[in-house]
Amino acid sequence: MGEGSVRLAAPGAATGVGSMPGSDPGEAVAVTFDAVPELPFLPELPARGPGADLVGRAATVLADLHVDLQPSGWRLVDRPGGDERRGRAFLDHDLDALEERAAGYDGPLKLQVAGPWTLAAGLRLTRGEAALADRGARRDLADSLAEGLAAHVADVARRVPAARLVVQLDEPSLPDVLMGRVRSYSGFRTLGPVEDAEAEAALGRVVGAVASLGAPVLVHCCAAAVPLGLLRRAGAAGVSLDLGLVGETLDDDLGEALEAGVVLFAGVVPTSGAPLSDPATTVEPVRRLWRRLGLRPEAAAEQVVVTPTCGLAGVTPDQARGALRRCGEAAQVLVDDPEG
């Protein structure tokens, strides 16, 4: 996995959030290594269908818990079935493609999986209610994810032994979980909020299981109200945000996080398929943030990884490749001209 590495990325790095268009894992892996060579990633291809989606993929990583697919979504069940096996087959095909493309690769490599709270909100119990509604189920999910994700990371480390692995936990549902905004199965009410202490502890168990293998962890949350303090206390070495979505609302928390050495994965390249701005304009939100916080301009290149604002599954393959390349060009601007 790369001896002694705790860095998330080298200065001027760029990467993707996770999802890509299409259904060919070999082609998608090749694009990530070509377009963002400083921090390539194992892409997710949800266009293949159930089992390749965010929740379905993470569910196949769980240890000693099983799922099937119902009209209402993924459900926890007692034994593995065809839906789970299909998701596992998708992951195996992706890992085979990665192993072939990354033979001899010795740089950083990012993996992604849904975090424990997005899983708790997205997986259902036998009678249909979200696992989030049951405290014991929440605990079991976090423990299962911690064990299963550690095994997944170890598997990738065996397949690409010289790579320095970085793990991204996707937590788009975390703010809703904390604020009690996740709808019940009936839709007529919302589930009660989870206390910060419980959320932090569960996330910390997953982060700790991965970090113990030498792989630093970042958390991606495409929301406006990201609980940065909670993520830091849980052990996240990096945070991945849509800078346009958070605006200036997180400046104080971001300033503290950056001063503490947290790496910012800055979502600044749009994923709508609209024409892209030039690299200098693209990276201007990072420069404005740095000026507002009074940080050294040169530090941005060392502490920022440029990314799209979210996943790229909804655009064409050419647009996805172009967006990732623009991320790399924008990241280089921070190295060459940090003050603008």
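All values below were derived from every heavy atom in this structure, side-chain atoms included, with hydrogens, water molecules and symmetry-related copies excluded. All of these numbers come straight from a predicted model, not from anything done at the bench.
Between D94 and the choices R88, R48, R159, the salt bridge (charged side-chain N to carboxylate O under 4.0 Å, His left out) rule is met once, by R48. Screening T249, L241, V262 against L254 for a side chain to side chain contact (heavy atoms under 4.5 Å, CB included) leaves a single residue, L241.
Side chain to side chain, W74 and D83 fail the donor-acceptor criterion of an N or O pair below 3.5 Å. At a cut-off of 3.5 Å, with distance as the only test, no side-chain donor of E44 or S19 sits close to an acceptor on the other residue. Between the side chains of E84 and H66, a donor-acceptor pair is found at a separation under 3.5 Å. A donor and an acceptor atom, one from each side chain of E284 and T281, are nowhere located under 3.5 Å apart.
A salt bridge is defined here as a Lys NZ or Arg NE, NH1 or NH2 lying under 4.0 Å from an Asp or Glu carboxylate O, and E99 with R158 fails to meet this definition. For R288 and E248, the salt-bridge test fails: no basic side-chain N is under 4.0 Å from an acidic carboxylate O. For R321 and D318, the salt-bridge test fails: no basic side-chain N is under 4.0 Å from an acidic carboxylate O. Using a cut-off of 4.0 Å between Lys/Arg side-chain N and Asp/Glu carboxylate O, R138 and D134 are scored as not salt-bridged. Between R164 and D106 there is no salt bridge, since none of the side-chain N atoms of the basic residue sits less than 4.0 Å from a carboxylate O of the acidic one. Under 4.0 Å is where a charged nitrogen must lie from a carboxylate oxygen, and between R183 and D176 no such pair does.
Looking only at distances, a side-chain donor or acceptor of S212 sits under 3.5 Å from a matching main-chain atom of A209. Remark: the backbone N or O of A63 is paired with a side-chain donor or acceptor of S144 at under 3.5 angstrom. A donor-acceptor contact shorter than 3.5 Å links the side chain of Q303 to the backbone of L258. Between the side chain of T190 and the backbone N or O of G180 there is at least one donor-acceptor pair closer than 3.5 Å. Side-chain N or O atoms of T271 include none that pairs as donor or acceptor with a backbone N or O of T309 at under 3.5 Å. No donor-acceptor distance shorter than 3.5 angstrom exists from the side chain of T307 to the backbone of T15, with no hydrogens or angles considered. Judged by distance alone, the side chain of E171 and the main-chain N or O of W117 form a donor-acceptor pair under 3.5 Å. At least one donor-acceptor pair under 3.5 Å links the side chain of T282 to the backbone N or O of D278.
Follow the hydrophobic side-chain contacts under 4.5 Å out from V219 and you reach V306 in the same cluster.
Using a 4.5 Å cut-off on side-chain heavy atoms (C-beta onward), L109 and F33 make contact. With a 4.5 Å cut-off on side-chain heavy atoms, F265 and L39 count as touching. For the pair H220/L169, no side-chain contact is recorded, criterion being any heavy-atom separation below 4.5 Å from C-beta on. Here the side chains of R181 and P175 are in contact, with some heavy-atom distance below 4.5 Å. Side-chain contact between Q168 and L111: absent, with no pair of heavy atoms (C-beta onward) separated by less than 4.5 Å.
Summarising the geometry, atom CG belonging to L62 is positioned 12.0 Å from atom NE2 belonging to H152; distances are rounded to the nearest 0.5 Å. Annotation: the span from C327 atom SG to L276 atom CG amounts to 8.5 Å, rounded to 0.5 Å. How far CG of D140 is from CG of L145: 12.5 Å, rounded to the nearest 0.5 Å. Of the inter-residue distances, the one linking R75 atom CZ with D68 atom CG reads 4.0 Å to the nearest 0.5 angstrom. The CG atom of D253 sits 5.5 Å away from atom CG of L228, with the distance rounded to the nearest 0.5 Å. Within the model, atoms CG of D170 and SG of C222 stand 8.0 Å from one another, a figure rounded to the nearest 0.5 Å.
Closest heavy-atom contact between V207 and A236: CG1-N, 4.4 Å. When all heavy atoms are compared, the tightest approach of R205 to A146 is O-CB, 3.8 Å. What you find for A120 and L141 is that their closest heavy atoms are CA-CD1, 3.7 Å. Heavy-atom minimum distance, K110 versus V17: NZ-O, 3.3 Å.
Residue D252 qualifies as open at atom CG: its count of foreign heavy atoms under 6.0 Å is 12 or below. When the shell of 6.0 Å around CD of E298 is examined, it contains more than 12 heavy atoms from other residues, nucleotides or ligands.
A cation-pi arrangement is not found for R57 relative to F90, the charged atom failing to lie both closer than 6.0 Å to the ring centre and inside a 45° cone about the ring normal.
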Candidate pair V239 and L218, rule side-chain contact (heavy atoms from CB on, under 4.5 Å), full reasoning: CA-CA 5 Å; V239 293; L218 68 133; over 6 Å; no

